[in-house]
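Heads up: the structure comes next, in structure tokens.
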Amino acid sequence: MIRKCLFPAAGYGTRFLPATKAMPKEMLPIVNKPLIQYGVEEAIEAGLHQIGIISGRGKRAIEDHFDISYELEHQISGTAKEALLNQIRNVIDKCTFSYTRQVEMHGLGHAILTGETLVGSEPFAVLLADDFCANDDDGVLKQMVDLFAIHQCSIVAIEEVPMDQTQNYGVIAGDEIEPGLYQVTEMVEKPAPENAPSNLAIIGRYILTPDIFDILRQTKPGRAGEIQITDAIAAQAKSGKVLAYKFKGRRFDCGAIEGFVEATNFVYENYYTHGNNYPNRKL
Ligand code: UTP
């Protein structure tokens with residue numbers, strides 16, 4: 001059973017400068033809710049209530065967001081605006097939040113290894129909040145947790161991307177063992193299209209078994225001199241079973257301006273104007 005979800009959130013978010021100079025990228029709002037809150041709500045929906053955040057310099061707003069603001073609550077108490085805090089209050093009530101700091105940014109693999117102290121030796125999920133996923137049925141993490149219950153191995157979420165974009169993603173090769181589910185045979189971080197083993201790109205949702213930490217400790221810096229989670233999962237796939245799952249739903253790359261604007265328009269038009277905040281299912 002999976003109880004914990006790690007949120008690596010130590011990156012600099014340089015593509016969003018100057019907005020991210022003093023504010024964490026994860027706090028950028030899609031309409032009226034920060035990216036990381038959507039992520040935590042997806043984790044809650046999947047039954048994961050122990051939230052571990054890999055934080056870094058300049059990220060304090062995340063801690064404040066997942067805490068009670070007594071002055072603010074006092075100020076709006078008894079007014080119609082009180083309801084605007086209902087969702088975040090619900091999130092705070094349902095979860096525990098633990099933080100650790102990645103002191104030097106040596107990549108996503110290194111960030112996840114930094115989170116070992118929050119995870120221990122149990123399987124866990126990883127959610128990159130800047131990959132915003134929208135789905136009216138089960139959220140992506142819920143879909144993956146259900147798969148883990150059957151297969152008990154690491155699982156990465158994938159989607160098909162245009163072949164000329166493979167250099168922006170980790171890309172897998174694998175054998176399709178059932179529709180949309182692949183046993184991974186190979187994984188490459190940001191390959192040029194001519195070297196990409198497929199157009200099946202990894203997105204920011206993972207379930208990892210805890211042996212990944214030992215593998216990460218042995219993983220040498222790869223592309224861009226960073227410790228790549230893709231390299232570690234590729235090693236895990238060589239010695240055991242790793243699955244890649246074509247998730248149901250729509251992903252927006254909110255680490256880039258275009259994806260962020262698309263997600264904003266999508267949530268505004270499909271949910272907000274109909275009186276709903278996304279997700280409109282009960283958590
Ligand atoms: P990105 O590749 O999007 O990097 O990281 P970034 O720094 O956030 O953004 P840009 O490219 O400079 O605009 C993917 C995820 O991994 C986390 C980031 O916070 C983000 O959630 N990350 C990355 C870390 O926590 N630590 C790292 O050393 C690198």
Side-chain angles (χ1 to χ4, degrees), residues 5-30 34-40 42-43 51-63 65-66 97-119 124-133 140-141 156-159 161 165-171 187-191 201-206 208 212-213 216-217 219-233 251-261 263:
C5 187
L6 277 189
F7 287 76
Y12 293 119
T14 51
R15 282 169 290 171
F16 264 95
L17 284 170
T20 47
K21 183 163 177 272
M23 184 185 75
K25 171 169 81 171
E26 297 74 16
M27 289 301 294
L28 287 169
I30 300 296
L35 279 167
I36 194 160
Q37 187 180 333
Y38 288 102
V40 173
E42 191 180 318
I51 307 298
I53 296 182
I54 320 296
S55 176
R57 280 178 293 283
K59 301 279 183 169
R60 268 192 212 145
I62 297 177
E63 285 188 48
H65 187 71
F66 294 113
F97 292 88
S98 309
Y99 297 84
T100 191
R101 248 167 116 126
Q102 189 188 13
V103 176
E104 287 177 291
M105 308 316 153
H106 293 313
L108 179 57
H110 181 254
I112 291 172
L113 183 55
T114 306
E116 182 180 19
T117 176
L118 304 178
V119 169
F124 63 102
V126 175
L127 191 153
L128 305 185
D130 52 1
D131 263 346
F132 170 73
C133 292
V140 180
L141 267 193
V156 298
I158 50 167
E159 71 175 7
V161 296
Q165 287 180 23
T166 56
Q167 69 280 5
N168 300 321
Y169 298 91
V171 174
M187 249 181 182
V188 194
E189 181 62 17
K190 300 195 167 69
I202 303 169
I203 66 127
R205 302 286 184 281
Y206 306 78
L208 298 171
I212 198 73
F213 293 125
L216 276 168
R217 262 186 281 280
T219 304
K220 304 247 164 357
R223 217 175 174 285
E226 296 185 333
I227 297 179
Q228 301 289 352
I229 189 64
T230 309
D231 294 341
I233 303 174
R251 177 193 72 108
F252 298 87
D253 175 10
C254 293
I257 306 276
E258 299 74 19
F260 178 80
V261 172

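Counting starts at 1 for both ligands and their atoms, following the listed order.
Using a 4.5 Å heavy-atom threshold, the side chains of Leu208 and Ile229 count as touching. Residues Gln228 and Thr219 are not in side-chain contact: their nearest non-hydrogen atoms beyond the backbone lie 4.5 Å or more apart.
Between atom 7 (O) of ligand 1 and the options Phe16, Tyr12, Phe7, the minimum heavy-atom separation is to Tyr12. Residue nearest to atom 22 (N) of ligand 1, selected from Ala224, Ser55, Gly11, Gly56: Gly11 (by heavy-atom distance).
A donor-acceptor pair is defined here as one N or O able to donate and one able to accept, closer than 3.5 Å; such a pair exists between the side chain of Thr20 and the backbone of Gly13. A donor-acceptor distance shorter than 3.5 angstrom exists from the side chain of Glu42 to the backbone of Leu141, with no hydrogens or angles considered. The backbone N or O of Gly204 lies less than 3.5 Å from no partner atom in the side chain of Arg251, so there is not a single donor-acceptor pair.
Scanning all protein heavy atoms for the shortest distance to atom 13 (O) of ligand 1 gives Arg15 N, 2.8 Å. Atom 25 (O) of ligand 1 has Ala10 N, 3.0 Å as its closest protein atom, hydrogens excluded (heavy atom only). Among protein heavy atoms, atom 14 (C) of ligand 1 sits closest to Leu128 CD1, 4.3 Å. Taking atom 12 (O) of ligand 1 as the reference point, the nearest protein heavy-atom neighbour is Thr14 OG1, 2.5 Å. The shortest contact between atom 28 (O) of ligand 1 and any protein heavy atom is with Gly107 N, 2.9 Å. Ranking the protein heavy atoms by distance from atom 16 (O) of ligand 1 puts Leu108 CD1, 3.6 Å first. Protein heavy atom in closest approach to atom 21 (O) of ligand 1: Pro8 O, 3.0 Å.
For atom 5 (O) of ligand 1, no protein heavy-atom neighbour is present inside the 4.0 Å cut-off.
By the 3.5 Å distance cut-off applied to N or O atoms, Gly255 is not counted among the residues near ligand 1. Every N/O-N/O distance between Ala129 and ligand 1 stays at or above 3.5 Å.
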Could you walk me through whether Tyr206 and Ile233 pass the side-chain contact (heavy atoms from CB on, under 4.5 Å) test, one step at a time?
CA-CA 10 Å; Tyr206 306 78; Ile233 303 174; 3.7 Å; yes
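At least one heavy atom of Glu26 sits closer than 4.0 Å to an atom of ligand 1. For the pair His106 and ligand 1, a heavy-atom separation below 4.0 Å is found.
Pairs of residues two or more places apart, or lying in two chains, that qualify as side chain to side chain donor-acceptor pair (under 3.5 Å) and include a residue from residues 51-61 are Glu26-Lys59.
Neither the backbone nor the side chain of Ile54 comes within contact range of ligand 1; no heavy atom lies under 4.0 Å. Contacts between Gln102 and ligand 1, counted as non-hydrogen atom pairs separated by less than 4.0 Å, involve the side chain only.
Interatomic distance, Ile112 CD1 to Phe124 CZ, rounded to the nearest 0.5 Å: 6.0 Å.
Of all the atoms in ligand 1, the ones that sit under 4.0 Å from a non-hydrogen atom of Ala111 are 24 (C), 25 (O), 26 (N). For ligand 1 and Met105, the ligand atoms under 4.0 Å from any heavy atom of the residue are 28 (O). Shown in contact with Lys25 at under 4.0 Å from a heavy atom are these atoms of ligand 1, numbered in order with element: 3 (O), 6 (P), 8 (O), 9 (O).
In this structure, Phe66 and Phe97 have parallel ring planes: the angle between them is below the 30° cut-off, well short of the 60° mark. Taking the six-membered ring for Trp and thresholds of 30 and 60 degrees, Phe260 and Phe16 have ring planes more than 60 degrees apart, a perpendicular arrangement.
Taking the side-chain contact (heavy atoms from CB on, under 4.5 Å) definition, one finds that Ala10 meets it with Gln102, Met105, sequence neighbours left out.
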